[in-house]
Protein chains: 2
Amino acid sequence: MATGRTHRPATRSRGIPEATVARLPLYLRALTALSERSVPTVSSEELAAAAGVNSAKLRKDFSYLGSYGTRGVGYDVEYLVYQISRELGLTQDWPVVIVGIGNLGAALANYGGFASRGFRVAALIDADPAMAGKPVAGIPVQHTDELESIIRDNGVSIGVIATPAGAAQQVCDRLVAAGVTSILNFAPTVLSVPDGVDVRKVDLSIELQILAFHEQRKAGEEAAAEVTAQAAAVPATTREESATDQGPDGDVPAVMPA
Amino acid sequence: MATGRTHRPATRSRGIPEATVARLPLYLRALTALSERSVPTVSSEELAAAAGVNSAKLRKDFSYLGSYGTRGVGYDVEYLVYQISRELGLTQDWPVVIVGIGNLGAALANYGGFASRGFRVAALIDADPAMAGKPVAGIPVQHTDELESIIRDNGVSIGVIATPAGAAQQVCDRLVAAGVTSILNFAPTVLSVPDGVDVRKVDLSIELQILAFHEQRKAGEEAAAEVTAQAAAVPATTREESATDQGPDGDVPAVMPA
DNA sequence: ATGTCTTTGTGAACGCGTGCACAAAGATGG
DNA sequence: CCATCTTTGTGCACGCGTTCACAAAGACAT
């Protein structure tokens with residue numbers, strides 16, 4: 001998982017659990033694909049397989065939205081697409097600003113999935129004066145000085161931060177002060193925001209580290225069988241070495257801040 | 001949250017809960033920052049604040065790794081950096097391939113956080129023959145034909161998929177067949193993999209949709225107070241309209257597949 | 001109209017994750 | 001050496017999320 005909600009830890013809004021909300025976009029995507037293939041109805045079993053989840057979980061998720069299925073038949077694809085879209089708030093237009101037009105910011109500006117679900121890139125903002133006016137994904141980059149006016153003029157409530165870590169908190173503060181209440185943060189920093197502001201985090205480095213952990217464990221388990229007998233002989237000095245006083249400084253690997 | 005583990009749903013590997021593993025990189029980053037400022041020790045309270053988590057949670061997380069703290073003092077920063085790095089498997093070198101060198105793939109190749117924690121970009125792979133040989137982030141792009149040999153020659157076990165959704169499953173299958181056992185997927189698709197292969201997903205579109213949901217709810221709550229009296233008069237026809245037979249087709253918003 | 005068969009919707013049990021609150025441990029000062 | 005004070009490590013309870021398993025609902029054929 002590349003994220004973690006920062007605020008509103010267990011806010012089950014109007015009865016819809018957070019975990020369910022996180023899966024609704026998944027269902028929506030699968031349903032949209034079915035809709036394009038003109039499939040009229042789908043069973044919970046089929047849809048669950050397409051979305052990669054348990055069918056019981058899917059049914060319980062849908063039960064929070066209401067009784068939209070027909071027993072013995074399944075769910076009407078078009079109707080469900082509409083209901084989920086409405087529940088997620090995708091029936092309205094969401095202007096979004098992207099701050100920090102480096103490699104990642106440019107990639108986000110070009111990302112089709114943004115524009116395709118009601119999200120409209122209202123502006124691209126960068127601190128580098130040399131970037132100003134340069135078009136990225138057909139949209140001219142604007143300077144940070146205009147951040148506040150852009151937010152207000154376009155009624156932007158969602159901001160995307162793709163700046164270096166050092167600039168993220170400052171940008172965040174300005175976004176919030178200008179009226180943004182939801183932030184998607186790609187910078188590897190913990191953002192502090194006032195109550196009422198939602199922050200979601202996408203951290204590429206963290207994802208890889210989690211994969212590395214499991215990868216290491218897999219490698220360890222493979223080797224475990226042959227070392228089991230040997231491990232019994234060794235008095236556990238190898239793994240837990242020198243946990244007594246001070247950590248070895250020379251052994252510390254070259255770990256740099258992401 | 002930008003991800004969701006696909007396989008190994010609740011695998012508490014060697015006793016370390018999945019939720020804890022997901023937070024270790026967060027602690028590591030905060031600790032590395034302290035280390036650079038030559039801070040010798042840190043209390044759970046301070047570190048928790050820096051990582052944006054509860055201090056009790058942090059202490060419990062560390063207790064899974066062992067008793068590395070000193071009561072009345074706190075944790076030795078350098079030692080903890082080393083222990084967490086080792087636990088996460090960052091003391092070894094992880095060669096990584098990135099498949100799909102579009103905007104996003106290029107951004108990933110240039111992303112500093114990859115190389116800085118033991119992850120080495122072993123190769124960039126793209127299906128477009130025109131890209132072959134072109135250097136991105138100082139690394140020449142190679143053609144998809146060479147995928148298998150690259151994986152085997154470099155002993156790659158972690159693959160990053162940044163291709164369009166349509167190509168993702170096929171790329172995934174080839175990666176897995178060639179020996180990759182951990183995949184970080186940026187394509188908006190559900191990947192199916194055999195047992196033993198870990199998939200983590202980063203989905204930019206989903207993150208925005210979750211934010212939109214909360215944003216909509218916030219807006220709805222603001223307006224709720226003034227509409228409460230009015231809502232009582234309206235016989236609930238507005239919200240749940242025509243939930244009887246068929247969903248309105250004309251009303252369905254223009255939702256495209258991400 | 002009635003029976004059968006499919007599929008939904010949900011009650012209930014279970015397990016994981018979180019946070020409180022406190023006892024144990026050890027540093028520090030006298 | 002003893003008292004005090006700080007901070008860790010953890011037992012415990014609670015709540016959310018997941019899954020099972022089944023009764024209710026409705027389609028469909030006869």
Side-chain angles (χ1 to χ4, degrees), chain A residues 1 4-24 26-27 39-49 51-77 79-80 83 210 243-246, chain B residues 1 4-24 26-27 39-49 51-77 79-80 83 210 243-246:
Chain A
M1 185 173 310
R5 48 194 139 75
T6 305
H7 263 266
R8 305 179 173 276
T11 307
R12 72 163 43 198
S13 353
R14 231 265 313 300
I16 300 184
E18 191 61 31
T20 296
V21 172
R23 280 189 295 268
L24 289 181
L26 222 57
Y27 303 143
V39 177
T41 60
V42 66
S43 72
S44 64
E45 203 71 47
E46 293 166 325
L47 186 53
V53 302
N54 185 295
S55 72
K57 193 188 295 186
L58 179 141
R59 286 198 300 276
K60 180 144 286 191
D61 283 342
F62 285 175
S63 77
Y64 292 116
L65 307 183
S67 283
Y68 294 151
T70 306
R71 298 177 188 224
V73 177
Y75 299 90
D76 181 283
V77 171
Y79 187 55
L80 206 46
Q83 290 298 340
I210 297 174
T244 45
D245 191 36
Q246 180 86 354
Chain B
M1 194 172 300
R5 46 195 141 73
T6 305
H7 262 266
R8 307 181 173 275
T11 308
R12 70 164 44 195
S13 353
R14 231 267 310 303
I16 300 184
E18 191 61 31
T20 296
V21 172
R23 280 188 293 268
L24 288 182
L26 222 56
Y27 302 144
V39 177
T41 61
V42 66
S43 71
S44 64
E45 203 71 47
E46 293 167 325
L47 187 54
V53 302
N54 185 296
S55 71
K57 195 188 295 186
L58 179 141
R59 287 198 299 275
K60 182 149 288 190
D61 283 342
F62 285 175
S63 77
Y64 293 117
L65 307 182
S67 283
Y68 293 151
T70 307
R71 297 176 189 226
V73 177
Y75 299 92
D76 182 282
V77 172
Y79 187 56
L80 205 47
Q83 288 299 340
I210 297 173
T244 46
D245 190 35
Q246 180 84 355

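A note on names: the letters A, B, ... follow the listed sequences, proteins ahead of strands, and every chain is numbered from 1. Worth saying up front: this structure is predicted, and the values here are computed from it rather than measured.
Qualifying salt bridge (Lys or Arg N to Asp or Glu O under 4.0 Å) partners for R59(B), counting only residues two or more places apart in sequence or in other chains: none. Partners of A48(B) according to the side-chain contact (heavy atoms from CB on, under 4.5 Å) rule, which considers only residues two or more places apart in sequence or in another chain, are V53(B), S55(B), L58(B). Under the side chain to side chain donor-acceptor pair (under 3.5 Å) criterion, T41(A) pairs with no residue, sequence neighbours left out. Under the ring pair (Phe, Tyr, Trp, His ring centres under 6.0 Å) criterion, Y75(A) pairs with F62(A), sequence neighbours left out.
One finds no side-chain N or O of S44(B) lying less than 4.0 angstrom from the OP1 or OP2 phosphate oxygen of dT7(D).
Between E46(B) atom CD and dT6(D) atom P there is a gap of 14 Å when expressed in whole angstrom units. Atom-to-atom, CD of E45(B) to C1' of dA21(C) comes out at 14 Å; the value is rounded to the nearest Å. Taking atom CG on D61(A) and atom P on dG9(C), their separation rounds to 12 Å, with Å as the unit. One can place CD1 of I16(B) at 15 Å from C1' of dG17(C), the figure rounded to the nearest angstrom. For the pair L65(A) CG and dG9(C) P, the interatomic distance rounds to 10 Å; values are reported in whole Å. Distance L58(B) CG to dG9(D) P: 10 Å, rounded to the nearest Å. Nucleotide dT18(D) holds its P atom 11 Å from the CD atom of E18(A), rounded to whole Å.
Screening residues 61-72 of chain A for salt bridge (charged side-chain N to carboxylate O under 4.0 Å, His left out) gives R23(A)-D61(A) as the qualifying pairs, with residues at least two apart or on separate chains.
Where V73(B) and S63(B) meet DNA chain D, the nucleotide closest to each residue was compared, and V73(B) sits on the side nearer the 5' end.
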message: One character per nucleotide, please: for nucleotides 20-25 of chain D, 5' to 3', B when the base has a protein heavy atom closer than 4.0 Å, S when only the sugar-phosphate does, - otherwise.
response: BB--BB
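Distance from the side chain of R23(B) is smallest for dT18(C) among the nucleotides dT8(D), dT18(C), dG17(D).
Among the heavy atoms of the strands lying under 4.0 Å from Y75(A) are primed sugar atoms or P, OP1, OP2 only; no base atom is included.
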